[in-house]
Amino acid sequence: KKRLAVGVVGSGNWGTAIAKICGENARAHGHHFRSKVRMWVFEEEIEHKGEKRKLTEVFNETHENVKYLPGVECPPNVIAVPDVREVARRSDVLVFVVPHQFIERVCDQMSGHLRPNAVGISCIKGVSVGKDGVRLFSDVISEKLGIYCGVLSGANVANEVAKEQFCETTIGYNPPNPVISAEQIVAVFDRPYFSVVSVDDVAGVALGGALKNIVAMAVGFADGLEWGGNTKSAIMRRGLLEMQKFATTFFDSEKGTMVEQSCGIADLVTSCLGGRNNRVAEAYVKSGKPIEVLEKELLGGQLLQGASTAKEVHEFLSTKDMVNEFPLFHSVYNICYENMDPKGLIQVLQPLKEES
Ligand code: NAD
Ligand code: 13P
């Protein structure tokens, strides 16, 4: 049987950690996978040991992504490649892991260069909103590239995964004609410290990861206001209900996914305990500086996903005249873009009509 070649499209904080995992599995399962894992790097010049160098060259010499995942050594079979078309041409399994704002442009560059039976797995947390309504990035990738695309998402803060601290993740993979089986896809990612569960509910997996970023910002605002654990848990509970309602109202997602799988409740909790969205939102309240300034100051080139997702979800819900049915999402949008006082989050936590 043909050995599959794995390629990673993206090399940020999570992109590099995922490439490390794929590289380890390509070596561990040599009968299934080709050893070389190509990782597309959006090329940039960095300052390294007092010299200006290309990020790809430094990575291929040191096996460390010194800008986005410093201090972590990747296996030497992970190769940084500056041309995304080369990754497209040479991969059977394409793992997409770029910040959501860039994926459409990256797909346009890859289009026409893919292997005929390639499949994709999207690790991107966000939703695409346009004139056709709201779409999953796995569907955007699928349409743009003419391939099936599943989703991987879970409680996976990249720096912790890269240090091989145990975590779980969820893969949504349900192709109509599986040329590459779910078991083969699981084998690309499953490690002793990275425990994969595969489910059919692709939309639920994608939406858990996208929408929890909005809730993590709400909890970050609460941290900034020094509200206690009880109040923050109330925000998380209401956030989880809005995540579940969004996924089951606008997509064919199962109610259980959000409350049972790592891509739902567990990702919500880890992100609210101190992900990037949470940290920036806390600093927003404490410093009064604009969110985009704090993103630059605190994240060293990594990108915030929660504020833009709150905006995209708000735009979509406005077209449906349903913003008031998602009061927590609406408030995060208002705090980020309409100068709402974060203290107003308390009003959002009044009992829901259907509960009282
Ligand atoms: P990141 O936040 O580290 O972003 C930096 C990356 O964006 C770099 O690779 C940079 O080269 C790239 N970039 C900058 N400008 C670009 C451009 N014009 N075109 C293309 N790429 C450009 O990225 P990340 O942490 O790897 O996040 C990718 C996705 O994974 C996001 O959707 C995120 O929500 C998700 N995710 C992140 C984590 C995490 O802990 N970091 C965990 C799980 C999922
Ligand atoms: P942040 O982008 O808020 O750090 O969240 C990372 C994540 O998705 C953890 O699963």
Side-chain angles (χ1 to χ4, degrees), residues 8-21 39-46 54-56 59 65-70 72 80 82 84 87 95-110 121-128 136-138 140-141 151-163 165 167-170 189 194 205-206 208-220 223 261-282 295-296 298-310 312:
V8 178
V9 177
S11 56
N13 189 232
W14 187 221
T16 310
I18 276 285
K20 171 178 176 288
I21 288 173
M39 173 177 79
W40 172 61
V41 173
F42 178 72
E43 189 68 284
E44 62 186 289
E45 271 204 340
I46 54 157
K54 286 189 169 152
L55 186 56
T56 46
F59 182 86
N65 187 334
V66 291
K67 175 153 181 191
Y68 295 107
L69 192 62
V72 174
V84 75
V87 180
V95 183
F96 294 89
V97 55
V98 292
H100 77 276
Q101 45 274 60
F102 305 126
I103 185 61
E104 303 209 17
R105 268 175 282 162
V106 173
C107 284
D108 289 340
Q109 290 166 36
M110 296 171 75
I121 293 290
S122 165
C123 303
I124 297 165
K125 293 183 176 176
V127 285
S128 168
L136 309 177
F137 281 112
S138 49
V140 171
I141 292 166
V151 176
L152 179 151
S153 187
N156 305 143
V157 170
N159 294 334
E160 296 174 22
V161 181
K163 283 192 234 155
Q165 293 178 1
C167 67
E168 301 174 309
T169 203
T170 319
F189 299 100
F194 194 67
V205 180
L211 299 173
K212 64 82 194 178
N213 283 337
I214 307 178
V215 186
M217 292 202 75
V219 172
D223 279 317
Q261 301 300 339
S262 181
C263 60
I265 176 80
D267 195 8
L268 175 68
V269 171
T270 197
S271 302
C272 292
L273 289 178
R276 302 172 297 187
N277 288 289
N278 176 272
R279 272 189 282 136
V280 170
E282 177 177 358
E295 181 183 23
K296 289 206 171 62
L298 298 179
L299 301 186
Q302 295 177 35
L303 295 168
L304 195 72
Q305 306 278 278
S308 49
T309 301
E312 283 141 6

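Each ligand, and each atom within it, is numbered from 1 in the order the structure gives. Because only heavy atoms are used, hydrogens play no part in the values below, and waters and symmetry mates are left out as well, while side chains stay in. What you are looking at is a predicted structure, and each value in this text was computed from that prediction instead of being measured.
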At a non-hydrogen distance cut-off of under 4.0 Å, which region of [X] contacts ligand 1 (side chain, backbone, both, or neither)?
X: Ser153; answer: neither
X: Val98; answer: backbone
X: Gln305; answer: side chain

Geometric N/O contact Asn13 with ligand 1, under 3.5 angstrom: yes
Sub-3.5 Å N/O-N/O distance, Gly12 and ligand 1: yes
Closest protein heavy atom (residue, atom, distance) for atom 33 (C) of ligand 1: Arg276 NH2, 3.9 Å
Minimum-distance protein heavy atom relative to atom 35 (C) of ligand 1: Cys123 O, 3.7 Å
Any donor and acceptor pair, going by atom type alone, linking the side chain of [X] with main-chain N or O of [Y] inside 3.5 Å?
X: Asp267; Y: Ser262; answer: no
X: Gln305; Y: His100; answer: yes
X: Thr16; Y: Ser11; answer: yes
X: Glu295; Y: Leu304; answer: yes
X: Trp40; Y: Pro82; answer: yes
X: Asn65; Y: Lys67; answer: yes
X: Gln261; Y: Val205; answer: no

Within the 4.0 Å heavy-atom sphere of ligand 2, strictly under, residues: Lys125, Gly154, Ala155, Asn156, Val157, Lys212, Asp267, Ser271, Gly275, Arg276, Asn277
For Lys20, salt bridge (charged side-chain N to carboxylate O under 4.0 Å, His left out) partners two or more places apart: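 Checked Lys20 against salt bridge (charged side-chain N to carboxylate O under 4.0 Å, His left out); matches are Glu24, Glu164.
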Please could you name the atoms of ligand 1 that [X] approaches to less than 4.0 Å, counting only its heavy atoms?
X: Ile124; answer: 32 (O)
X: Ser11; answer: 9 (O)
X: Gln302; answer: 1 (P), 2 (O), 3 (O), 4 (O)
X: Gly301; answer: 5 (C)
X: Asn156; answer: 40 (O), 42 (C), 43 (C)
X: Ala158; answer: 39 (C), 40 (O), 41 (N)
X: Leu303; answer: 1 (P), 2 (O), 4 (O)
X: Val157; answer: 40 (O)

Ring geometry between Phe42 and Phe102 (parallel below 30°, tilted from 30 to 60°, perpendicular above 60°): parallel
Please compare [options] and report which has the shortest non-hydrogen distance to [atom].
atom: atom 10 (C) of ligand 1; options: Tyr68, Trp40, Phe137; result: Tyr68
atom: atom 7 (O) of ligand 1; options: Ser122, Gly10, Pro99; result: Pro99
atom: atom 43 (C) of ligand 1; options: Trp14, Phe42, Phe102, Phe96; result: Trp14

Donor-acceptor pairs under 3.5 Å, side chain of residues 208-218 to any protein atom, not counting sequence neighbours: which ones?
| from | atom 1 | to | atom 2 | distance (Å) |
| --- | --- | --- | --- | --- |
| Lys212 | NZ | Ser271 | OG | 2.9 |
| Asn213 | OD1 | Asn277 | ND2 | 3.1 |

Validation row: Leu152, Phe189 side chains within 4.5 angstrom (heavy atoms): yes
Closest heavy-atom pair and its distance - Asn156, Cys167: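 Minimum heavy-atom separation between Asn156 and Cys167: ND2-SG, 3.4 Å.
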Heavy-atom closest pair, residues Glu43 and Leu55: OE1-N, 3.3 Å
Intermediate values then yes/no, side-chain contact (heavy atoms from CB on, under 4.5 Å), Val161 and Ile21: CA-CA 9 Å; Val161 181; Ile21 288 173; 3.7 Å; yes
side-chain hydrogen bond (donor to acceptor under 3.5 Å, both in side chains) against Arg276, all qualifying residues, sequence neighbours excluded: Gln302
